[in-house]
Amino acid sequence: MGSMIAPVKGTRDFYPEDMFVRSWLYQKIREVSQLFGYLEFDAPFLERIDLYAAKSGEELVREQAFVFQDRGGDAITLRPELTPSLARMIAQRQKQLVFPQRWWSFGPFWRYERPQKGRTREFFQWNVDLLGADSPASDAELLAICASFFKLVGLQADQVQVRVNSRHLMDRVIAEIGIDSQKKQSVFQLIDKRDKLSMDSWHSLAIENDINETQFDLLVKALADKNLWKKSDELVSVFDMLSQMDLAEYVSFDPQVIRGLDYYTGIVFEARDISKDGRAILGGGHYGNLVSDVGGDPLPGVGFAMGDVMMRLVLEKYGCLPEFQNTTASVLVTVFDQELLPKSLQLAGQIRAGGIKCVCMTEVSKLVKQFKYADRIGVPLVIVMGPEEVAKDEVTVKDLVTRSQENVTRENLIDYLAIKLAQSSA
RNA sequence: GUGCCUGUAGCUCAACGGCAGAGCGCCUCACUGUGGCUGAGGAGGCUGAGGGUUCGAAACCGUCCAGGCACCCCA
């Protein structure tokens with residue numbers, strides 16, 4: 001045990017029960033994405049570091065991306081996010097694509113960060129983007145996708161909420177308060193930190209950032225204003241459209257939502273556990289210009305990304321995860337003795353040919369052990385074929401759930417099993 | 001990068017500086033053609049590693065390793 005090589009920090013082993021959850025999540029994601037007419041795509045997991053350096057947070061990329069030199073000496077990184085790759089892919093075909101395009105993706109990403117609750121170094125992310133669209137209706141569509149996803153996996157509006165704000169609105173608020181637009185970034189960061197600090201230390205931080213007392217008071221007042229969104233035409237229509245789609249209960253206004261990304265220009269949003277337990281489940285927003293950095297013509301859009309780590313924690317907390325089955329088989333064929341092993345294998349083959357998932361014992365042991373094994377892995381039906389059955393060209397089928405068993409002729413077996421299984425799954 | 005917490009049986013955890021234990025799980029048997037339940041037995045540990053203090057260390061001290069949590073950041 002001591003000599004076992006430890007897994008890479010921040011990675012996860014997906015045991016069958018974990019893989020089951022991952023696959024289930026992927027399936028739900030696909031379902032919702034396709035329900036809204038989106039197309040699945042993917043980008044390389046490896047990219048040149050330059051692709052990310054072109055964007056705002058260069059330092060962060062250098063510090064928080066997995067970077068290495070390939071044999072040719074190029075700086076390669078495991079992708080820390082999808083958007084730059086998406087931008088390149090769109091830019092390459094910008095002249096031939098019909099816009100708006102609706103794309104989604106689910107895959108692995110890597111960030112060299114200190115792991116903690118809801119954050120690992122290797123994680124999966126669902127990305128959804130509506131490209132070439134610039135209207136409140138397109139913003140509302142992405143929010144509707146989030147809400148529909150929550151609904152589909154069984155999360156309720158009193159458990160998770162998508163909190164929405166508008167960068168335009170906040171720009172205006174800051175201007176009205178009389179804060180220089182050059183200080184916009186630092187004020188945004190300040191707003192972002194409101195929840196983590198006490199009012200006193202937040203006040204001190206504000207003063208440090210050259211906000212005067214009058215401005216501070218006005219800022220506090222603005223952030224406390226539940227009706228602030230009414231001053232934003234885009235938010236008003238976004239909320240109205242969500243009501244039309246009957247999904248408004250999942251979405252609410254929150255002036256404190258800012259998001260770190262510089263390229264967001266319109267609405268920004270994030271979803272989290274209503275009790276603010278843990279970090280954001282997903283985050284996204286409207287961008288005015290996705291592709292010009294990588295050589296395309298300006299193209300607006302709206303998108304979001306959801307990480308699997310936080311999502312799973314929330315699903316677990318609210319009991320939304322499906323129950324894991326320790327086997328995929330519906331039937332287990334026992335092996336009476338060494339002599340009958342070939343006949344058992346043949347029987348299992350026939351059952352599979354009939355389209356029924358079946359495991360045949362490969363180790364010969366006492367029936368007690370074989371039944372116990374069947375019970376442990378959760379197979380509902382067990383077949384015994386000993387000398388008595390062989391003589392009559394029958395098998396014994398035992399239902400482990402009802403504890404009853406019946407003798408069935410080989411000829412009728414597939415039909416019998418199919419009916420049995422249809423009954424128990426109903 | 002900074003700070004705090006935790007490493008004991010397969011798992012979850014006990015043990016005042018004085019014989020390392022429990023529950024669950026596992027194996028065997030009761031049950032030589034039938035699982036769960038019950039009962040009776042049994043296996044399983046260099047207490048994360050390597051040092052120091054001590055008559056004596058799982059416990060105390062410092063080092064390393066691993067994990068967790070928070071800060072930072074969050075593309």
Side-chain angles (χ1 to χ4, degrees), chain A residues 1-12 47 49 51-66 77-87 109-121 123 125 127 189 192-193 196-197 201 257-264 268 270 272 278-285 287 290 293 303-307 309-310 332-337 340 361 364-390 395-407:
Chain A
M1 287 289 268
S3 63
M4 226 186 276
I5 293 175
V8 174
K9 193 186 193 71
T11 61
R12 292 166 293 167
E47 291 279 12
I49 186 79
L51 181 67
Y52 308 96
K55 293 206 334 171
S56 50
E58 305 182 35
E59 282 181 35
L60 290 176
V61 169
R62 291 243 153 66
E63 279 168 27
Q64 303 210 302
F66 278 87
T77 177
L78 286 164
R79 61 180 188 183
E81 60 162 328
L82 188 64
T83 307
S85 307
L86 169 64
F109 295 86
W110 294 265
R111 289 177 200 172
Y112 197 85
E113 296 181 289
R114 197 78 162 252
Q116 53 191 277
K117 190 172 191 177
R119 190 162 78 182
T120 57
R121 287 184 174 180
F123 55 96
Q125 223 175 46
N127 281 265
Q189 277 182 15
D192 210 29
K193 285 193 176 126
K196 287 189 176 173
L197 302 172
S201 31
V257 171
I258 293 293
R259 304 301 300 167
L261 266 178
D262 287 346
Y263 58 66
Y264 289 138
V268 286
E270 64 186 31
R272 43 175 74 232
R279 52 191 61 248
I281 301 165
L282 63 82
Y287 36 84
L290 182 72
D293 278 350
F304 69 85
M306 182 190 85
V309 182
M310 198 58 221
L332 180 139
V333 176
T334 58
V335 175
F336 191 80
D337 56 24
L340 285 173
M361 294 302 290
V364 179
S365 61
K366 286 196 268 186
L367 279 185
V368 186
K369 276 190 94 168
Q370 300 190 44
F371 268 83
K372 189 161 185 142
Y373 177 74
D375 185 53
R376 300 286 308 270
I377 65 172
V379 181
L381 299 175
V382 173
I383 293 182
V384 176
M385 185 175 53
E388 290 171 23
E389 287 88 352
V390 170
V395 298
T396 299
V397 180
K398 177 157 184 179
D399 183 328
L400 290 193
V401 180
T402 64
R403 285 187 252 177
S404 61
Q405 64 180 43
E406 284 182 79
N407 281 20

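A quick note: this is a predicted structure, and the numbers were derived from the prediction, not measured. Per chain, numbering begins at 1; letters A, B, ... match sequence-line order.
Among the atoms of the strands shown, only primed sugar atoms or phosphate atoms (P, OP1, OP2) are found under 4.0 Å from some heavy atom of A:K369. Residue A:F336 is classed as a base contact, given a heavy-atom separation below 4.0 Å to a base. Within 4.0 Å of A:V368, counting heavy atoms only, lie sugar-phosphate atoms of the nucleic acid but no base atom. Within 4.0 Å (heavy atoms only), A:Q370 reaches no atom of the nucleic acid at all. The residue A:E389 sits close to a base: some heavy atom pair falls under 4.0 Å. Residue-level contact check: A:R259 touches the backbone only, with heavy atoms under 4.0 Å from sugar-phosphate atoms and none from bases.
B:C74 and B:C5: their P atoms are spaced 28 Å apart (whole Å). Between B:U2 and B:A15, the distance separating the two P atoms is 33 Å to the nearest Å. Nucleotides B:C60 and B:C71 have their C1' atoms positioned 30 Å apart, rounded to a whole Å. Separating the C1' atom of B:G45 from that of B:A22 is a span of 15 Å, rounded to the nearest Å. Using P as the reference atom, B:A58 and B:G7 are 14 Å apart when rounded to the nearest Å. The same atom, P, is picked in B:G48 and in B:C13; the two are 15 Å apart, to the nearest Å. When the P atom is used for both B:U47 and B:G21, the distance is 13 Å, rounded to whole Å. B:G23 and B:A40 have their P atoms separated by 12 Å, given to the nearest Å.
Judged by the 6.0 Å distance and 45° axis criteria, A:R121 is positioned over the aromatic ring of A:Y112.
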Subject >> Pairing string, 5' to 3', for RNA chain B - Watson-Crick or wobble contacts under 3.5 Å, brackets [ ] where pairs cross, | to another strand >> reply: (((((((..((((....[..)))).(((((.......))))).....((.((..]....)).)))))))))....
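Regarding A:R119, its CZ atom lies at a distance of 14 Å from the C1' atom of B:G68, rounded to whole Å. Atom NZ in A:K366 sits about 11 Å away from atom P in B:C31, given to the nearest Å. When the P atom of B:C71 is taken as reference, atom CZ of A:R279 falls 7 Å away, rounded to whole Å. Between A:D375 atom CG and B:G35 atom C1' the separation is 4 Å, expressed in whole Å. Put simply, NZ on A:K196 is 8 Å from C1' on B:C72, counting in whole angstrom units. Atom pair A:K372:NZ and B:U38:P shows a separation of 11 Å (rounding to whole Å applied). Rounded to an integer number of Å, the gap from A:L86 CG to B:A75 P is 16 Å.
Interface remark: the A:R114 side chain does not form any donor-acceptor pair with the B:C74 base, using a distance-only criterion of under 3.5 Å.
A salt bridge is defined here as a Lys NZ or Arg NE, NH1 or NH2 lying under 4.0 Å from an Asp or Glu carboxylate O, and A:R259 with A:E270 meets this definition. A salt bridge does not link A:E81 to A:R79: none of the charged side-chain nitrogens sits closer than 4.0 Å to a carboxylate oxygen.
Between A:K193 and B:C73 there is a side-chain N or O to OP1 or OP2 distance below 4.0 Å. Proximity of A:K117 to the phosphate of B:C5: no side-chain N or O atom is located under 4.0 Å from OP1 or OP2. Listed pair A:Q116 / B:A70 meets the phosphate criterion, a side-chain N or O lying under 4.0 Å from OP1 or OP2.
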**OP:** Take A:T83 and A:L290 through the side-chain contact (heavy atoms from CB on, under 4.5 Å) test and state the conclusion after the steps.
**Re:** CA-CA 8 Å; A:T83 307; A:L290 182 72; 3.4 Å; yes
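Mapping A:P115 and A:L197 onto RNA chain B by nearest heavy atom places A:P115 at the nucleotide closer to the 5' end. RNA chain B is contacted by both A:Y264 and A:K9; A:K9 maps to the nucleotide lying nearer its 5′ end (nearest heavy atom per residue).
A:T77 contributes a side-chain N or O that, together with a main-chain N or O of A:F66, makes up a donor-acceptor pair within less than 3.5 Å.
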